[in-house]
> 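Okay, here's the structure, questions in a sec.
Atoms within each ligand, like the ligands themselves, are counted from 1 in listed order.
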Amino acid sequence: MNIHEYQAKALFEKYGVPCPKGIAAQRPEEFEQALGTIGLPCVVKSQIHAGGRGKGTFTDGFKGGVKFSRTREEALANAQAMLGNTLVTKQTGPAGRKVQTLYFSEGCDIEKEYYLAILLDRASSRPVIIASTEGGVDIETVAEETPEKITKVFVDPAVGLQGFQARQIAFGLGFTGDLFKQAVKLLDRLYAMFWELDASMVEVNPLITTKDGKLLALDAKVGFDDNALFRHPEIVALRDLNEEDSKEIEASKYSLSYIALDGNIACLVNGAGLAMATMDIIKHFGGEPANFLDVGGGASKDQVEAAFKIILTDPNVKGILVNIFGGIMDCNVIAQGVVAAVREIGLNIPLVVRLEGNNVEAGKKTLAESGLAITSGDTMADAAKKIVALVA
Ligand code: ADP
Ligand code: MG
């Protein structure tokens with residue numbers, strides 16, 4: 001789960017990670033008061049769950065989702081231009097994201113921009129701190145072109161971030177004197193937040209030094225481990241459903257693993273591995289999957305019904321492939337769920353079903369007796385070929 005910059009900054013404040021003051025506003029009536037509190041110069045920042053806002057462009061041509069503003073009029077005009085407008089950045093995809101919240105932040109006098117992030121490193125199964133003297137730009141580009149400008153420190157989760165490691169990073173960033181001390185303290189606080197909140201990522205790009213010698217987190221991108229959210233209700237409360245695909249929200253209500261994709265062949269599968277293989281085989285025969293959907297090993301009829309409804313209401317879907325291998329899963333539960341969903345919503349696109357395993361005969365019988373126009377597939381390949389042909 002991701003949160004907005006303004007929410008991340010509130011967590012920074014709580015943990016003692018220094019950042020510029022800021023106030024969020026959702027309605028034009030709130031602009032004046034936010035400005036009054038923040039003062040000038042200020043920066044008006046679009047709040048969307050994507051980076052690259054500064055260099056982004058709105059669909060009406062307005063340039064920049066992060067605007068430094070020297071006067072009250074300038075700030076208000078920027079805010080008015082951004083709120084409700086759709087911002088396209090490198091990370092949003094061409095459709096962009098509608099800006100529904102703005103963040104008014106103190107305008108800082110930047111001396112230099114740095115990069116700092118804490119992530120989970122899968123190879124070493126440890127948190128890794130990544131820091132670079134090249135801030136405000138893509139870390140991927142720095143990693144490729146000038147890897148020597150990146151310092152990486154792996155943290156042993158059993159003991160946490162050690163003082164010498166924080167000093168190693170501060171040294172790697174070239175800090176001396178008071179800035180060195182500020183960096184060590186900031187790292188300690190940032191790591192505490194990352195760890196205690198079960199974050200999967202905390203990225204500060206840029207971390208800055210100001211002309212008056214302060215070290216501040218200017219931007220904040222924070223993501224959390226979904227599997228640990230149950231122990232952080234205060235984080236769950238920060239979820240912004242506007243930023244999520246409505247079909248994925250519906251799927252999460254039923255504990256379904258669903259990811260919307262760009263293709264037109266929907267698939268309903270049990271088991272993540274089989275779901276991946278099903279997407280592969282659709283592509284192999286020249287089709288494009290419309291989603292990843294794993295109903296799980298022990299799905300109920302209600303879950304299957306909900307899953308099938310989500311698929312049926314996606315306007316991009318031109319055909320459906322149900323691919324079930326009944327191990328723990330009872331094939332008849334799947335069949336009943338599919339029939340129940342179709343009864344409610346109707347079906348006017350091709351449906352290919354491949355059922356195999358536990359209670360398969362009963363499942364096939366349920367489908368046959370339903371009177372639905374179903375094409376059955378004998379094998380995965382056969383089923384995939386059939387749905388690709390029917391959709392073409
Ligand atoms: P994004 O990464 O989405 O483009 P940032 O918050 O990093 O958004 O802002 C982009 C750039 O705008 C920063 O690299 C920085 O140069 C400038 N900027 C952002 N916030 C401030 C601020 N409070 N004061 C001065 N400049 C800022
Ligand atoms: Mg940034």
> Answer yes or no: are there more than 12 heavy-atom neighbours, outside Gln33 itself, under 6.0 Å from its atom CD?
no
> Tell me, yes or no, whether the heavy-atom count around Lys214 atom NZ, taken from other residues, nucleotides or ligands under 6.0 Å, exceeds 12.
no
> So does Asp219 pair up with Arg53, basic N to acidic O under 4.0 Å?
yes
> Any idea which N/O/S atom from Asp219 gets closest to the Mg ion (ligand 2)?
OD2
> Can you find an N/O atom of Ala50 closer than 3.5 Å to an N/O atom of ligand 1?
no
> If only side-chain N and O atoms count, and only distance matters, is there a donor-acceptor pair under 3.5 Å linking Asp294 with Asn270?
no
> Which atoms of ligand 1 are found less than 4.0 Å from any heavy atom of Gly51?
3 (O)
> Is Tyr103 reachable from Ile38 through a run of I, L, V, M, F, W or Y residues, each pair having side-chain heavy atoms under 4.5 Å apart?
no
> Would you mind checking which non-hydrogen protein atom is closest to atom 23 (N) of ligand 1, with the distance to 0.1 Å?
Glu106 O, 2.8 Å
> Just checking Phe175 against Tyr114, ring centres under 6.0 Å apart?
yes
> Applying a 4.0 Å heavy-atom criterion (strictly less than), which segment of Ser105 is in contact with ligand 1: side chain, backbone, both, or neither?
side chain
> Would you name the heavy atoms of Gly223 and Asn2 that are closest together and state the gap between them?
CA-OD1, 3.5 Å
> For ligand 1, is there an atom lying under 4.0 Å from some heavy atom of Lys221?
no
> Which residue supplies the protein heavy atom nearest to atom 7 (O) of ligand 1, what is that atom called, and how far is it?
Asp219 OD2, 3.0 Å
> Looking at non-hydrogen atoms alone, which of Lys21, Arg53, Glu113 comes nearest to atom 8 (O) of ligand 1?
Arg53
> Start with the C-alpha distance between Thr379 and Asp382, add both sets of side-chain angles, then the distance that settles side-chain hydrogen bond (donor to acceptor under 3.5 Å, both in side chains), and finish with yes or no.
CA-CA 5 Å; Thr379 62; Asp382 180 49; 5.1 Å; no
> As an exercise, identify every atom of ligand 1 less than 4.0 angstrom from a heavy atom of Asn205.
7 (O)
> Provide, to 0.1 Å, the distance between atom 11 (C) of ligand 1 and the closest protein heavy atom, together with that atom's residue and name.
Val66 CG1, 4.6 Å
> Which atoms of ligand 1 are found less than 4.0 Å from any heavy atom of Gly107?
24 (N)
> Please write down residue, atom name and distance for the protein heavy atom closest to atom 17 (C) of ligand 1.
Leu218 CD2, 4.3 Å
> Write out the residue and atom name of the closest protein heavy atom to atom 4 (O) of ligand 1, then the distance separating them to 0.1 Å.
Gly54 N, 2.8 Å
> Can you pull out the closest protein heavy atom to atom 22 (C) of ligand 1? Residue, atom name and distance to 0.1 Å, please.
Val43 CG2, 3.3 Å
> N/O to N/O below 3.5 Å, does that happen between Phe68 and ligand 1?
no
> What protein heavy atom lies closest to atom 6 (O) of ligand 1? Include the residue and the distance to one decimal.
Lys45 NZ, 2.7 Å
> Hey, which atoms in ligand 1 end up nearer than 4.0 Å to a heavy atom of Gly52?
1 (P), 2 (O), 3 (O), 4 (O)
> For Glu344 and Lys309, run salt bridge (Lys or Arg N to Asp or Glu O under 4.0 Å): C-alpha distance rounded to whole Å, both residues' side-chain angles, the deciding distance at 0.1 Å, then the answer.
CA-CA 9 Å; Glu344 201 168 308; Lys309 277 187 196 159; 3.1 Å; yes
> Which heavy atom of the protein is the closest neighbour of atom 26 (N) of ligand 1, given with residue, atom name and distance?
Ile110 CD1, 3.6 Å
